[in-house]
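Heads up, the thing below is written out as structure tokens.
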Amino acid sequence: MNEVIKTLTQHRSYRKYENKRVPNEMLHAILDSAQAAPSWINGQHVTVIVVEDPKRKEKLAELCGNQKHINEAPVFLVFCMDFHRTELSANLENSTFGAADQTDLLLVGATDAGIALANAITAAESLGLGTVPIGGIRRNAPEVIEFLQLPKYVVPISGLCIGFPAEDPGVKPRLPKEAYVHNETYHNDQTDALKEYNEVFKKYLQERGSEQANWTNRVANFYKQPYYPSIGPVLQKQGFHAKDLKE
């Protein structure tokens with residue numbers, strides 16, 4: 001096992017940080033690593049907003065559902081799918097941005113943002129920093145878009161807290177390999193694997209003095225109803241219409 005794989009397999013989410021600034025050279029290395037991520041057609045459909053101002057982090061923490069670790073982290077990154085540059089490119093070439101009406105464009109943008117996010121996490125952890133992704137950046141997306149002054153065709157996908165860890169939460173156990181890796185075709189019957197994982201997950205929580213809930217119970221409750229308001233109106237407001245869903 002090399003150092004890269006060791007870093008990847010030891011990933012954990014940190015929600016408490018030391019009151020210590022992340023050096024510029026570390027931050028730049030993380031951003032360079034994120035930018036080096038692959039993207040569809042080399043379209044580079046990702047923009048990262050760096051937020052370090054305490055007052056601005058405080059506002060974003062509020063918009064993300066009052067997540068205090070955003071305040072504690074010295075750096076908060078917002079990963080956006082960005083097709084504003086695509087529209088500018090079309091204008092430069094006297095062309096049109098007709099693909100903005102396709103659902104696939106949203107999958108491309110979200111995937112590219114996710115890959116860049118993963119690169120940033122791995123880079124940060126390789127430097128001894130801790131991170132936690134923040135999906136709550138979509139909780140109040142219209143307000144976040146206005147606050148960050150995002151133009152048409154730019155949508156926030158995920159935030160990322162970065163800082164020096166103040167405590168080690170440990171590595172969360174993952175699903176049994178047979179539930180995650182399927183050979184040749186998808187395996188539908190995973191009930192036994194999920195029951196096995198429930199016991200492992202409960203033990204993990206018990207060792208940390210947390211509520212001993214089943215993993216399946218947590219997931220089922222989370223998806224019982226929409227967690228955030230529909231992103232559809234936000235996408236429409238930002239120029240995405242996904243007409244192919246109606247075909």
Side-chain angles (χ1 to χ4, degrees), residues 1-18 20-40 42 44 46 48 50 69 72-77 79 107 110-135 157-210 212-216 218-219:
M1 182 182 295
N2 61 36
E3 290 302 313
V4 174
I5 294 175
K6 189 181 296 184
T7 297
L8 289 168
T9 55
Q10 290 299 304
H11 166 74
R12 62 207 71 189
S13 292
Y14 294 91
R15 291 178 172 82
K16 292 185 181 297
Y17 301 93
E18 295 181 2
K20 183 179 177 182
R21 185 175 175 275
V22 173
N24 285 335
E25 57 269 24
M26 283 189 175
L27 180 56
H28 292 161
I30 293 166
L31 294 171
D32 288 346
S33 298
Q35 189 177 17
S39 63
W40 179 256
N42 191 33
Q44 303 180 64
V46 182
V48 181
V50 181
H69 32 280
E72 287 188 13
V75 179
F76 185 61
L77 306 182
F79 285 76
L107 298 178
T111 298
D112 283 1
I115 296 172
L117 173 69
N119 269 28
I121 291 170
T122 302
E125 291 179 350
S126 76
L127 296 170
L129 299 169
T131 68
V132 60
I134 305 295
I157 299 297
S158 181
L160 183 67
C161 295
I162 299 177
F164 289 93
E167 66 178 21
D168 187 351
V171 178
K172 284 182 181 175
R174 292 315 201 237
L175 288 163
K177 196 62 68 71
E178 59 266 29
Y180 179 69
V181 178
H182 300 187
N183 293 324
E184 307 297 343
T185 60
Y186 192 92
H187 302 166
N188 286 282
D189 187 6
Q190 301 175 39
T191 303
D192 288 343
L194 293 181
K195 289 180 178 178
E196 173 189 337
Y197 182 58
N198 273 340
E199 296 305 313
V200 173
F201 194 75
K202 278 197 298 184
K203 183 179 179 181
Y204 166 85
L205 294 178
Q206 182 180 14
E207 291 172 347
R208 284 153 182 79
S210 301
Q212 298 174 44
N214 286 342
W215 181 81
T216 54
R218 283 190 167 196
V219 171

May I ask you to test the [X]-[Y] pair for a side-chain heavy-atom distance under 4.5 Å?
{"X": "V22", "Y": "L127", "value": "no"}
{"X": "L175", "Y": "L194", "value": "yes"}
{"X": "C161", "Y": "S13", "value": "no"}
{"X": "K202", "Y": "Q206", "value": "no"}
{"X": "L117", "Y": "L77", "value": "no"}
{"X": "F76", "Y": "I134", "value": "yes"}
{"X": "S39", "Y": "V46", "value": "no"}

Using every non-hydrogen atom in the two residues, find where [X] and [Y] come nearest and quote the distance to one decimal.
{"X": "E178", "Y": "A193", "result": "CG-CB, 4.2 Å"}
{"X": "P169", "Y": "Y204", "result": "O-OH, 3.4 Å"}
{"X": "A179", "Y": "Q190", "result": "O-OE1, 3.4 Å"}
{"X": "F164", "Y": "K20", "result": "CD1-CD, 3.7 Å"}
{"X": "A120", "Y": "L160", "result": "CB-CD2, 4.0 Å"}
{"X": "D112", "Y": "P38", "result": "OD1-O, 4.3 Å"}

Closer than 3.5 angstrom, by distance alone: can the side chain of [X] be matched with the main-chain N or O of [Y] as a donor-acceptor pair?
{"X": "H182", "Y": "H187", "result": "yes"}
{"X": "Y17", "Y": "Y14", "result": "yes"}
{"X": "R218", "Y": "N214", "result": "no"}

Exercise for review: Test L129 against I30 for side-chain contact (heavy atoms from CB on, under 4.5 Å), laying out the working first.
Suggested key: CA-CA 10 Å; L129 299 169; I30 293 166; 3.8 Å; yes
Practice item. Would you check, one step at a time, whether the test side-chain contact (heavy atoms from CB on, under 4.5 Å) holds for N183 with V181? Key: CA-CA 7 Å; N183 293 324; V181 178; 4.2 Å; yes
Quiz question: by atom type and distance under 3.5 Å, do the side chains of [X] and [Y] form a donor-acceptor pair?
{"X": "H11", "Y": "E125", "result": "yes"}
{"X": "R12", "Y": "Q10", "result": "yes"}
{"X": "N198", "Y": "T216", "result": "yes"}

Can you measure from [atom1] ([X]) to [atom2] ([Y]) and round to the nearest 0.5 angstrom?
{"X": "R15", "Y": "T131", "atom1": "CZ", "atom2": "OG1", "value": "10.0 Å"}
{"X": "W40", "Y": "T111", "atom1": "CH2", "atom2": "OG1", "value": "10.0 Å"}
{"X": "L8", "Y": "K6", "atom1": "CG", "atom2": "NZ", "value": "12.5 Å"}

Practice item. Measure the acute angle between the ring planes of Y197 and W215, then classify it against the limits of 30° and 60° as parallel, tilted or perpendicular. Key: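 If you compare the ring of Y197 with that of W215, the planes turn out perpendicular.
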Point to revise | Residue Q35 excluded, over 12 heavy atoms near CD under 6.0 Å | key: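 No, because the 6.0 Å sphere around CD of Q35 holds 12 heavy atoms or fewer from other groups.
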Check your understanding: Given the rule in the side-chain contact (heavy atoms from CB on, under 4.5 Å) test, do H69 and K16 qualify, once you have shown the distances and angles that lead to the verdict?
Key -> CA-CA 6 Å; H69 32 280; K16 292 185 181 297; over 6 Å; no
